[in-house]
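Here's the structure we're looking at; comments come further down.
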Amino acid sequence: MPLFPEVVSAETRKKDSNFTHGDHRTQQSLARKQLIAQQRKSLPIAAVEKRLVDEVRKNDTLIIVGETGSGKTTQLPQFLFNAGYCADGKVIGITQPRRVAAVTVAKRVAEECNVNLGQKVGYSIRFEDETSSTTRIKYMTDGLLVREALLDPFLSRYSIIIVDEAHERTVHTDVLLGLLKNVQHARSQSMLKQQSFDRLNGKNPVISDKEVKNQGISGLKACQHAKCAPLKLVIMSASLDARGFSEYFGGAKAVHIQGRQYLVDILYTYHSEPDYLDATLITIFQIHLEGGPGDILAFLTGQEEIESVERLVHERARQLPEGSQKVLVVPIYSALPSEQQMNVFKPAPPGHRKVILATNIAETSLTIPGIKYVIDPGLVKARSYNHVTGMESLIIIPISKAQALQRSGRAGREGPGKCFRLYPESEFGKLIDSTVPEIKRCNLSNVVLQLKALGIDDIIGFDFMEKPSRMAIVKSLEQLSLLGALTDDYKLSDPVGLQMARLPLDPLYSKALIMASDFKCLEEMLIIVAMLSVESIFYFPREKLEEARASRKSFLSSEGDHITLLNVYRGATECLEKSKAANIKEKTVEKSLNKWCRENFINNRSLKHARDVHSQIKGHVQQMGLVISSCGDELVQFRRCLTASFFLNAALKEPDGSYRAIASSQNVQIHPSSVLFRTKPDCIIFNELVRTNQNYVRNLTRIDPLWLPELAPQYYEAQK
DNA sequence: GAGCACTGC
């Protein structure tokens, strides 16, 4: 029996790009069209089209609870388009928490509508905009829509905004929900004003400053003249409990759509397992020896666990009786280079069972075909943030009930499956219902800065679905003040605060760019900020650790990690320029860069990302009128600039070789990944403070302690 | 001597 997932498969995507003419092709494309029509008709949501459109018409805000496979993401926007919600050139916007989802869904819907991508149906994500003036159904990431609100506070081009996967509660989703609630209110107010004004046929309606403040929206005046029709909101969630969303939107109506998911048998252990890695290993082989065909997906918490279980599986597989089915172990986690990530999609060779060892990446981000068995130890590595110390930590915690459900669902995509929970059923009852929203677990500086830029001055009074603690907000306000982004009365400062809000970066990095303009090393800082904004540039595979280390030496700077990163970026640029000069095709240029990455143990995905960030940010700073100059070999100048920018993150060496972070008085160690791990200079500036097994600082540069009072007197003079 | 997962006009 076929299963039609909401997101198109890789095979479907391939067919998109291969579209050509010709008789055979025409026949194929006709068959494909029929298949699509058939698939659409058989989706659970197809039966309730009229009812859904009616509910949207009747309710300003509608909550849709849709299970996996209901087809809500691809179908609802088309229903609403057909119901006339794009009249007058208005757009239906659908937000997704992830880029790939926005792209693949948009491609699928364009195909279903039989249009080229970027025409009626398009998508917009960071670095990629596949939309045009004719786009009416627009898929995008939620973060992008928040950014868009900075330019158009009323989101005036949208008639409807659909927030998909709202149950994931990313920071962006939560900020967006608050923002949309404001915009919806403001737009219905503006409509009322407009209507009463039309009746009175007098002058322009006037809205007082007080009202602007009440609505917490800047630029309301700008919208007075343009007729802003009311904004419809649809919040889509996969969690079974819609109450939270409904309450937040003033008792909004919630409807439920059935999904299409095969039955998954849930099995629990009798007792708690003290060693979940060993339990995972035992279960893998129990399934392998006793279970029917089908691949196994085991959820582990990180790279280290995955690598160690991988070794253990290999060892034990050797002891399997002669002639029994073999095991193919495939690891997958975010930091793994993309070529190796792709291995999870390859089917196992004949006579093999595939065992996938994954982090949370396989919970929502990747859908791996062929999974029949899921092993779930019930744990996850999660980020938490201490607002008092500014310390981030990665801790292993129990998952939520919602996560357990999501994980087990991975076994029922293509047929009935089994999920082995490595804990007793009584433990399941003790799990929290859903994961704590990210907004309660992260540094809020960026959120606060963006809200300020949107004209919302009272952050503590802002109507978040779940309010972050007062302390968290106050700390962020303090940090932004220290960076000069806020005035004495906590308003956004001009130009520094405004410029910082415009840059899609951590506020600290935005400030560093502004500083670098004064220090005449903006060229270097652009590179550093881009490199610091991405994950793990260096790749250290366990089996080639020594080679990888030797390779990093060629980029190493004794001044620290920042200049080492600078050297890597320049090395890559040099490689690109060389192959460009050789006048070869663009594809070959890319290939030679990938080869360079492989040879130098650089993660090519991270480097590509850094290059994208670099070019985007460079565009922004140029627009802002900052001068991009280089300090050349005067790297002291650059290190002084790092000091002036990151003065809040300085640490001094203690007699025992550990460090004391000056601002928070915490005892920290240099992270072993730093090039200064052995050198241990007297005074350093760092970018990250992370607690794992110990308190670690990462991404550091050696500085002269005397630079601190000289370059950040506002902080270090007051400290004395 | 060590790196959950996402994301940004």
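Just so we're on the same page: letters track the sequence lines, and every chain starts at 1. Just so you know, these numbers use all the heavy atoms, side chains as well, and skip hydrogens, waters and symmetry mates.
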Among B:dA5, B:dG8, B:dG3, the one nearest any side-chain atom of A:Ser334 is B:dA5
With a non-hydrogen cut-off below 4.0 angstrom, is A:Leu144 in contact with a base, only sugar-phosphate, or nothing?
sugar-phosphate
Atom CD of A:Gln96 and atom C1' of B:dG8 are separated, to the nearest Å, by 16 Å
Among B:dA5, B:dG1, B:dT7, which nucleotide has an atom closest to any side-chain atom of A:Pro672?
B:dG1
Sugar-phosphate, base or nothing in reach of A:Tyr333, heavy atoms under 4.0 Å:
sugar-phosphate
How is A:Asn446 classified with respect to the nucleic acid when contacts are heavy atoms under 4.0 Å: base, sugar-phosphate, or nothing?
base
Spacing of A:His167 atom NE2 relative to B:dC6 atom P, expressed in whole Å
15 Å
To the nearest Å, give me how far apart OH (A:Tyr385) and P (B:dC6) are.
22 Å
Categorize A:Ser536 for me: base, sugar-phosphate, or nothing, with a 4.0 angstrom heavy-atom threshold over every strand shown.
nothing
Which nucleotide in the set B:dG8, B:dG3, B:dA5 lies at the smallest distance from any side-chain heavy atom of A:His671?
B:dG3
Need to verify one output field. Residue with the more 5' nearest nucleotide on DNA chain B, A:Arg502 or A:Asn360?
A:Asn360
Spacing of A:His614 atom NE2 relative to B:dG8 atom C1', expressed in whole Å:
17 Å
Has the side chain of A:Arg678 got a donor or acceptor that lies under 3.5 Å from a partner of the other kind on the base of B:dG1?
yes
A:Arg126 side chain: which of B:dG3, B:dA2, B:dG8 is closest?
B:dG8
Nearest to side-chain heavy atoms of A:Thr692, which nucleotide of B:dA2, B:dG3, B:dG8:
B:dG3
Just to be sure I understand the rule, does A:Arg441 reach a base, reach only the sugar-phosphate, or reach nothing, if contact means heavy atoms closer than 4.0 Å?
nothing
Just to be sure I understand the rule, does A:Gln616 reach a base, reach only the sugar-phosphate, or reach nothing, if contact means heavy atoms closer than 4.0 Å?
sugar-phosphate
Tell me: CZ of A:Arg549 to P of B:dG3, nearest whole Å?
14 Å
Determine the sole option in A:Arg410, A:Arg407, A:Gln406 for which the side chain to side chain donor-acceptor pair (under 3.5 Å) test with A:Glu363 is passed.
A:Arg407
Counting side-chain heavy atoms from C-beta on, which of B:dG8, B:dA5, B:dG3 comes nearest to A:Ile361?
B:dA5
Just the rounded figure in Å: distance from C1' of B:dT7 to CD1 of A:Ile125.
11 Å
Categorize A:Arg99 for me: base, sugar-phosphate, or nothing, with a 4.0 angstrom heavy-atom threshold over every strand shown.
sugar-phosphate
One should read off an interatomic distance between A:Leu532 CG and A:Asp506 CG, to the nearest 0.5 angstrom, of 9.5 Å
Looking at A:Phe677, is A:Lys680 sitting on its ring face, NZ or CZ under 6.0 Å from the six-membered ring centre and within 45 degrees of the normal?
yes
Here's a test of your reading of the structure: between A:Val380 and A:Phe677, which maps to the more 5' nucleotide of DNA chain B?
A:Phe677
Let me know the distance between CD of A:Gln303 and P of B:dA5, rounded to the nearest Å.
9 Å
Touch check for A:Ile396, heavy atoms < 4.0 angstrom, all strands: base, sugar-phosphate only, or nothing?
nothing
Is the count of non-hydrogen atoms from other residues, nucleotides or ligands lying under 6.0 Å from A:Gln694 atom CD greater than 12?
yes
Has A:Arg552 got its NZ or CZ under 6.0 Å from the middle of the six-membered ring of A:Phe538, at an angle within 45 degrees of the ring axis?
yes
Just checking A:Thr359: base, sugar-phosphate only, or nothing, at a heavy-atom cut-off of under 4.0 Å?
sugar-phosphate
Any luck finding a side-chain donor-acceptor pair between A:Thr435 and A:Ser400 under 3.5 Å?
yes
In whole Å, what is the span from the OH atom of A:Tyr509 to the P atom of B:dT7?
18 Å
